[in-house]
Amino acid sequence: VQLQASGGGLVQAGGSLRLSCVASGNTFRINAIGWYRQAPGKQRELVASISSGASTNYADSVKGRFTTSRDSGKNTVYLQMNSLNVEDTAVYYCNADPPGPAWGQGTQVTVSS
């Protein structure tokens, strides 16, 4: 299974972005898909996940601001990010939850003050 995130960019604090994650290959093997991020000098962290049944979980740091959803017909998962702040600056990845060994390139999100 290959998962590739896209949609990052530069946004001012308080702004919004929507990331997309397209899955290809044997997607039936995946139960849940997670959104992860890694800021400079920090460990990669799970910020949101969505199960095949569309149940969602969020890290406390993004709860109420980020929303993940999926379009099974398009094999695509989305991460809507609102009220962004500078602490959200990171490279964002999607992977299975728990994650598989292969990580895509990720997509850079930069929030300016």
Side-chain angles (χ1 to χ4, degrees):
V1 178
Q2 295 180 333
L3 298 165
Q4 182 59 54
S6 63
L10 174 63
V11 63
Q12 287 189 329
S16 299
L17 280 174
R18 188 177 81 156
L19 306 183
S20 298
C21 172
V22 178
S24 59
N26 294 326
T27 57
F28 67 89
R29 296 177 179 269
I30 298 178
N31 179 34
I33 292 179
W35 286 98
Y36 304 78
R37 69 185 181 187
Q38 187 167 20
K42 295 186 177 181
Q43 289 189 335
R44 189 175 289 150
E45 61 173 343
L46 175 67
V47 297
S49 66
I50 184 166
S51 72
S52 56
S55 297
T56 57
N57 286 288
Y58 300 94
D60 288 343
S61 59
V62 306
K63 200 171 291 184
R65 301 187 297 121
F66 290 12
T67 303
T68 186
S69 59
R70 66 194 299 161
D71 184 335
S72 297
K74 295 182 179 179
N75 283 343
T76 302
V77 172
Y78 303 98
L79 184 67
Q80 178 67 42
M81 306 185 295
N82 299 327
S83 301
L84 286 162
N85 56 57
V86 294
E87 289 76 27
D88 297 316
T89 294
V91 179
Y92 284 72
Y93 304 85
C94 57
N95 201 333
D97 179 24
W103 293 88
Q105 290 184 339
T107 186
Q108 175 70 48
V109 172
T110 303
V111 184
S112 63
S113 59

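Under the rule for a side-chain hydrogen bond (donor to acceptor under 3.5 Å, both in side chains), the partners of S16 that lie at least two apart in sequence or sit in another chain are N82. In this view, A13 and V111 satisfy the side chain to side chain contact (heavy atoms under 4.5 Å, CB included) rule, not counting sequence neighbours. Annotation: side-chain hydrogen bond (donor to acceptor under 3.5 Å, both in side chains) contacts of T110 (sequence neighbours excluded): Q108. For E87, the side chain to side chain contact (heavy atoms under 4.5 Å, CB included) partners are N85, not counting sequence neighbours. Partners of D88 under the salt bridge (charged side-chain N to carboxylate O under 4.0 Å, His left out) rule, at least two apart in sequence or in another chain, are R37, R65.
The distance from the CG atom of L19 to the CD atom of Q80 is 9.0 Å, given to the nearest 0.5 Å. Distance check, rounded to the nearest 0.5 Å: CD of Q38 to CD of E45 gives 9.5 Å.
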Extract all donor-acceptor atom pairs below 3.5 Å that involve side chains of residues 2-10 and protein atoms in other chains or at least two apart in sequence.
none

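Sorted by first and then second residue, the salt bridge (Lys or Arg N to Asp or Glu O under 4.0 Å) pairs involving residues 66-76 (not counting sequence neighbours) form an empty list. The list of side chain to side chain donor-acceptor pair (under 3.5 Å) pairs with a residue in residues 49-58, not counting sequence neighbours, reads N31-S52, S49-D97. The list of ring pair (Phe, Tyr, Trp, His ring centres under 6.0 Å) pairs with a residue in residues 64-93, not counting sequence neighbours, reads Y93-W103. Counting only residues at least two apart or in different chains, salt bridge (Lys or Arg N to Asp or Glu O under 4.0 Å) contacts with residues 52-63 comprise D60-K63. Identified under the disulfide bond (SG atoms under 2.5 Å apart) test for residues 54-106, with sequence neighbours left out: C21-C94.
Looking only at distances, a side-chain donor or acceptor of N95 sits under 3.5 Å from a matching main-chain atom of A102.
Taking hydrophobic clusters as Ile, Leu, Val, Met, Phe, Trp and Tyr residues chained together by side-chain heavy-atom distances below 4.5 Å, L17 shares a cluster with W35. V91 and V47 end up in different hydrophobic clusters when Ile, Leu, Val, Met, Phe, Trp and Tyr side chains are linked at under 4.5 Å. In terms of hydrophobic clustering, with Ile, Leu, Val, Met, Phe, Trp and Tyr side chains grouped at heavy-atom distances under 4.5 Å, L79 and V62 are assigned to a common cluster. If you chain together hydrophobic residues whose side chains sit under 4.5 Å apart, V77 and V1 fall into the same group.
The two atoms that bring T76 and S20 nearest to each other are CG2-CB, 4.3 Å, heavy atoms only.
Within the hydrophobic cluster formed by Ile, Leu, Val, Met, Phe, Trp and Tyr side chains joined at under 4.5 Å, directly or through other members, V22 stands alone, with no partner residue.
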